[in-house]
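Only one structure is covered here, and it is reproduced in the block below.
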Number of protein chains: 2
Amino acid sequence: MTDQSPAKPPPTDTRLGEIGLSNYAPYLMNRIMGRYNASLRDEMADLGLSTPKMRALAVLSVIDAPLIRELAVYAVVEQSTLSRALDQLAAEGLIRREADATDSRATRVFITEAGRTTFETLWPRMAESYARMFKGIDEAERRAFVGTLQKMLANIRKHEI
Amino acid sequence: MTDQSPAKPPPTDTRLGEIGLSNYAPYLMNRIMGRYNASLRDEMADLGLSTPKMRALAVLSVIDAPLIRELAVYAVVEQSTLSRALDQLAAEGLIRREADATDSRATRVFITEAGRTTFETLWPRMAESYARMFKGIDEAERRAFVGTLQKMLANIRKHEI
DNA sequence: CAGATTTAAATGCATTTGCAAATATCCCGT
DNA sequence: ACGGGATATTTGCAAATGCATTTAAATCTG
């Protein structure tokens, strides 16, 4: 447990006005990701890729043959929405669904060669947005930032993945 | 310009697989905010508050009488969605729309006493989520984290607000 | 091992969303 | 002062979303 940690948690009785929006991390993160996701969405729209489809492809480019339920967590997409996104990706030949070997309720998702190729073409745009985001922020700072994000995710995640 | 900054930007030609999802800041931020927003949304649902309504109230508790267009940026909500959320908040007496004094196209939004009271009751839940998020992260680290977020927002924001 | 419970995924359906168009007003140049 | 374009907000409408349900299969329990 980390309850005895010397790190003082933010006081729960502070008002939002006292913190100020521009010092309130969740606000800033929503602002940043709102813009990031919107700009990515606009760029992907040309390629016929919605946000759920793009995220699924991105995760599949890195994680091999996850269950649909796992993919939903990684891609941060509701499972029912993901199910429909996978229908489209499968119809376009970018992924393939395959029944799990040992649990026939479950389905594993595989990215196809075509899917990988599609992701190769869209990754540079994601990388560009990423680079713009961190412009003027050196590697040490970025590392520290990512380290804090990892702690935060561990704090709030519900699933063990 | 900051182009000559000594900070080396993340290389645009790195693959996502090389970085790894768990070191990729946008992924982590989407995961964290996805969970944070979902849990808040569930809690607010009881109170009859959608995410756009809750965000509008939160911003209005801090920023006085913004234009609707400004409120949309701060609340990270599409303006047409916000317009409808404001209809509901006004019907519930939590906000008031008032024509701008000098520009009769524009509308300023005011939080009412009832709106402030409602926000007072929901803020503790937001503060709790915030505290959980930063559990085990000390103040210095949180400050540094917020500092990086502020730089990132400056990098990617489109509006000057 | 039968029946009850849980889990995985897909689907029906009502709600929400966001784009594009409509409306109203302002601002600029001439 | 007038016409053309810009700006603020609302609204119509089609598409996307997510909750709840369904279907199917696994697991637990007595």
Side-chain angles (χ1 to χ4, degrees), chain A residues 30 34-35 37-46 48-56 60 65-91 95-110 158-161, chain B residues 30 34-35 37-46 48-56 60 65-91 95-110 158-161:
Chain A
N30 269 327
R35 184 67 60 205
N37 290 326
S39 100
L40 224 50
R41 180 165 40 74
D42 291 347
E43 295 197 69
M44 297 308 157
D46 317 333
L49 287 171
S50 62
T51 297
K53 287 166 73 180
M54 173 198 69
R55 289 190 182 173
L60 288 169
L67 298 175
I68 289 180
R69 149 186 81 78
E70 293 169 341
L71 183 55
V73 174
Y74 286 123
V76 194
V77 175
E78 279 293 316
Q79 196 249 312
S80 61
T81 303
L82 177 62
S83 177
R84 288 182 260 251
L86 292 177
D87 288 346
Q88 295 181 44
L89 289 170
I95 62 120
R96 193 165 33 85
R97 279 189 254 224
E98 205 166 296
D100 183 75
T102 66
D103 184 343
S104 63
R105 290 170 305 180
T107 307
R108 296 200 171 271
V109 186
F110 297 79
K158 232 164 84 184
H159 310 278
E160 263 326 304
I161 62 175
Chain B
N30 269 327
R35 184 69 58 207
N37 290 326
S39 99
L40 224 50
R41 180 165 40 73
D42 291 347
E43 295 196 69
M44 296 308 156
D46 318 333
L49 287 171
S50 62
T51 297
K53 287 166 74 181
M54 172 198 69
R55 289 189 181 174
L60 288 169
L67 297 176
I68 289 180
R69 150 185 80 78
E70 293 168 341
L71 183 55
V73 174
Y74 286 123
V76 194
V77 175
E78 280 292 317
Q79 183 171 313
S80 61
T81 302
L82 178 61
S83 178
R84 287 182 261 250
L86 292 177
D87 288 346
Q88 296 181 44
L89 288 170
I95 62 123
R96 192 164 36 81
R97 280 189 254 225
E98 206 167 294
D100 183 75
T102 65
D103 185 343
S104 64
R105 290 170 306 180
T107 305
R108 296 199 171 272
V109 185
F110 297 80
K158 232 164 86 187
H159 311 277
E160 263 326 304
I161 63 174

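Reminder, nothing fancy here: chain letters follow the sequence lines and each chain counts from 1.
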In whole angstroms, the gap separating C1' of D/dT17 from CZ of A/Arg55 amounts to 14 Å
Interatomic distance, CG@B/Asp87 vs NZ@B/Lys53, rounded to 0.5 Å, equals 10.5 Å
So CG of B/Leu67 and OH of B/Tyr74: to nearest 0.5 Å the spacing works out to 10.0 Å
Whichever of A/Pro52 and B/Gln79 has the more 5' nearest nucleotide on DNA chain D, that residue is B/Gln79
With five pairs defining each end axis, the helix from C/dC1-D/dG30 to C/dT30-D/dA1 comes out bent, to 10°, by 30°
Would you tabulate the side-chain donor-acceptor contacts of residues 101-109 of chain B under 3.5 Å, counting partners in other chains and residues two or more places apart, or write 'none'?
unit_1, atom_1, unit_2, atom_2, d
B/Thr102, OG1, B/Asp100, OD2, 3.1
B/Asp103, OD1, B/Arg105, N, 3.0
B/Asp103, OD1, B/Arg105, NE, 3.1
B/Asp103, OD2, B/Arg105, NE, 3.4
B/Asp103, OD2, B/Arg105, NH2, 2.8
B/Arg108, NE, B/Asp100, OD1, 2.5
B/Arg108, NH1, B/Ala65, O, 2.8
B/Arg108, NH2, B/Asp100, OD1, 3.3

Taking atom types as they are modelled, would you say the side chain of B/Arg41 forms a donor-acceptor pair with the base of D/dG18 within the 3.5 Å cutoff? no
Nucleotide by nucleotide, nucleotides 20-27 of chain D touches protein heavy atoms under 4.0 Å in the pattern (B base, S sugar-phosphate only, - none) ----BBS-
Side-chain contact check for B/Ser83: nearest option of C/dA9, D/dT11, D/dA8 is D/dT11
Between A/Glu70 and A/Asp42, whichever has its closest DNA chain C nucleotide further toward 5' is A/Glu70
In whole angstroms, the gap separating C1' of D/dA8 from CG of B/Leu71 amounts to 14 Å
Here the side-chain hydrogen bond (donor to acceptor under 3.5 Å, both in side chains) pairs for residues 76-85 of chain A, sequence neighbours left out, are none
Contacts satisfying salt bridge (charged side-chain N to carboxylate O under 4.0 Å, His left out) that involve residues 65-75 of chain B (not counting sequence neighbours) are none
To the nearest angstrom, the CG-C1' distance between B/Asn37 and D/dT17 comes to 15 Å
In whole angstroms, the gap separating P of C/dT16 from CE of B/Met44 amounts to 17 Å
Whichever of B/Leu86 and A/Gln88 has the more 5' nearest nucleotide on DNA chain D, that residue is B/Leu86
Rounded to the nearest 0.5 angstrom, the CG-CG distance for B/Leu71 and B/Leu86 is 6.0 Å
Separation between CG (B/Asn37) and CZ (B/Arg55), nearest 0.5 Å, reads 5.0 Å
- Base, sugar-phosphate alone, or nothing: which one does B/Arg108 contact when heavy atoms must sit under 4.0 Å apart? nothing
note: B/Ile68, atom CD1; C/dT25, atom P; distance rounded to Å ~ 15 Å
So do the side chains of B/Thr51 and B/Leu40 get within less than 4.5 Å of each other, counting heavy atoms only? no
Atom CG of B/Leu82 and atom P of C/dC19 are separated, to the nearest Å, by 15 Å
Taking D/dT9, D/dG12, D/dG18 as options, the one with an atom nearest any side-chain atom of B/Arg69 is D/dT9
To the nearest angstrom, the CG-P distance between A/Asp87 and C/dA9 comes to 13 Å
Residues at least two apart in sequence or cross-chain that pass side chain to side chain donor-acceptor pair (under 3.5 Å) with A/Arg41, listed by chain then number, are none
From the candidates D/dG12, C/dG12, C/dA10, the one with an atom nearest any side-chain atom of B/Arg84 is D/dG12
So CG of A/Leu82 and CD1 of A/Ile68: to nearest 0.5 Å the spacing works out to 6.5 Å
Side-chain contact check for B/Thr81: nearest option of D/dT9, C/dT17, C/dA9 is C/dT17
